[in-house]
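A quick write-up on the structure given underneath.
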Amino acid sequence: MNKKVAIHFMSFYFTDVIFMVVDRLHEVTKHPFRIIVGDNLSENSPIIREKLRDYVEQGKISTAYFFDNNSRYNRMEMYKNEPKPDYYIGSDQDALVEDNQDGCWLTDFVEMLESDNNVGITGFSAKNGWGSRSGQKRPFHQTSGQKWKMYPPKKRNGHGLPFNGHLMTYKTEFMDEFRKTGKMYSDGNIQRFIANLGYASARYDKSSVYNVSSIKRGFSVDGMDIAVEHGYKKLRASFRHVRRKSGNFEIIRSDG
């Protein structure tokens with residue numbers, strides 16, 4: 001199925017997370033895709049950006065944006081400047097796909113969206129964090145035999161969302177319409193927007209992702225050996241103070 005897909009991430013603070021996520025995607029994904037990463041400014045940006053440059057040179061990342069601020073609106077600035085694919089994937093930087101599946105998760109996502117016109121968005125279940133399949137804030141330790149769980153369109157508030165920002169996939173036309181609202185991009189805002197248009201959501205339960213940021217905060221799952229960042233919880237509390245306006249940026253593009 002020859003559908004163009006672009007995966008957009010925002011990196012911030014962690015010097016390792018975005019790279020383990022990108023590496024895993026290349027390991028487990030058969031359907032073609034491009035990865036675009038925007039780095040929001042943090043104390044660790046010099047380290048992150050040096051490695052992002054390296055990943056662009058290797059072709060693991062198609063384009064990197066280096067922003068001069070930390071803003072929730074920088075993702076929309078990236079989208080505005082990129083070629084439009086058939087499907088847009090907006091994801092948190094910490095969605096590490098399980099390495100336990102046959103087939104290809106992205107092929108499954110595209111096939112679902114192509115085959116059912118009532119479904120507007122797909123996303124992963126999580127093994128840990130508030131969006132875990134077994135319930136709020138409880139880890140999930142077993143993959144079910146069911147590939148999809150369907151959620152009809154309805155008003156969604158708070159943690160009533162089908163999934164959080166884990167490789168959420170939808171047609172680019174929805175992103176174009178969402179841009180016109182002027183709202184900040186977030187997993188909740190985009191899910192509510194698509195549901196309000198009358199489209200159902202489909203959560204992928206054949207496989208899951210690990211919410212690595214949760215592990216970095218000290219909530220271990222499956223014995224994963226990932227270093228804890230004790231200062232991150234305090235840093236998270238200050239996110240509400242980030243600038244609303246998108247920042248200026250430098251663009252690094254791959255030759256491929």
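One-based numbering along the sequence shown. Since the structure is predicted, the reported quantities are computational estimates derived from the model, not experimental observations.
Partner of Phe174 under the ring pair (Phe, Tyr, Trp, His ring centres under 6.0 Å) criterion, out of Tyr199, Phe193, Tyr88: Tyr199 alone. Residue Tyr79 forms a side-chain hydrogen bond (donor to acceptor under 3.5 Å, both in side chains) with just one option from Asp176, Asn74, Thr172, and that option is Asp176.
Considering CZ of Phe219 and OG of Ser213, their distance stands at 12.0 Å, rounded to 0.5 Å. Taking CG of Asp222 as the start and NZ of Lys127 as the end, the distance is 4.0 Å to the nearest 0.5 Å. Going from atom CG of Asp68 over to atom CG of Asp39 covers 11.5 Å, rounded to the nearest 0.5 Å. One finds the CZ atom of Phe9 at 9.0 Å from the CZ atom of Arg75 (value rounded to the nearest 0.5 Å). In this structure, the separation between OG1 on Thr169 and CD1 on Ile7 is 7.5 Å, given to the nearest 0.5 Å.
One hydrophobic cluster, built from ILVMFWY side chains closer than 4.5 Å, cannot hold both Ile47 and Phe12; they sit in different ones. In terms of hydrophobic clustering, with Ile, Leu, Val, Met, Phe, Trp and Tyr side chains grouped at heavy-atom distances under 4.5 Å, Leu167 and Val21 are assigned to a common cluster.
Between Phe19 and Tyr55, the distance from one ring center to the other falls under 6.0 angstrom. In summary, the aromatic rings of Tyr210 and His166 are positioned with their centroids too far apart to meet the 6.0 Å limit.
Within a 6.0 Å sphere centred on NZ of Lys84, other residues, nucleotides and ligands contribute more than 12 heavy atoms. Around the NZ atom of Lys183, the shell of radius 6.0 Å holds no more than 12 heavy atoms that belong to other residues, nucleotides or ligands.
Lys60 places no side-chain N or O within 3.5 Å of a backbone atom of Asp54 that could act as its donor or acceptor partner. Of the possible donor and acceptor atoms, one in the side chain of Arg24 sits under 3.5 Å from a partner among the backbone N and O of Val97.
Using a cutoff of 4.0 Å between basic side-chain nitrogens and carboxylate oxygens, Glu82 and Arg34 are scored as salt-bridged. Using a cut-off of 4.0 Å between Lys/Arg side-chain N and Asp/Glu carboxylate O, Arg53 and Glu50 are scored as not salt-bridged.
Taking every heavy atom of both residues into account, Arg49 and Phe67 meet most closely at NH2-O, 2.6 Å. Closest approach of Met20 to Ile226, counting heavy atoms only: SD-CD1, 4.2 Å. Residues Ala126 and Ser208 share a closest heavy-atom pair of C-CB, 4.2 Å. Nearest approach of Pro32 to Leu106, heavy atoms of both residues: O-CD2, 4.1 Å.
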Notebook entry, point to check: Does the pair Gln93 and Tyr13 meet the rule for a side-chain hydrogen bond (donor to acceptor under 3.5 Å, both in side chains), with working shown?
Noted result: CA-CA 11 Å; Gln93 68 169 338; Tyr13 183 74; over 6 Å; no
Next item on the list: Would you please test Asn211 and Asp92 for side-chain hydrogen bond (donor to acceptor under 3.5 Å, both in side chains) and show each step?
Entry: CA-CA 9 Å; Asn211 185 321; Asp92 293 341; 5.7 Å; no
Note to self: Is there a side chain to side chain contact (heavy atoms under 4.5 Å, CB included) between Phe66 and Leu52? Walk through the geometry before answering.
What the structure shows: CA-CA 9 Å; Phe66 299 161; Leu52 284 173; 3.8 Å; yes
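Ring orientation note: the planes of Tyr204 and Phe109 are nearly perpendicular, at an angle over 60° on the 30°/60° scale. Using the six-membered ring where Trp is involved, Tyr185 and Phe178 have ring planes that are perpendicular, over 60° apart on the 30 and 60° scheme.
Relative to the six-membered ring of Phe33, Lys3 misses at least one condition, a distance below 6.0 Å or an angle of at most 45° to the axis.
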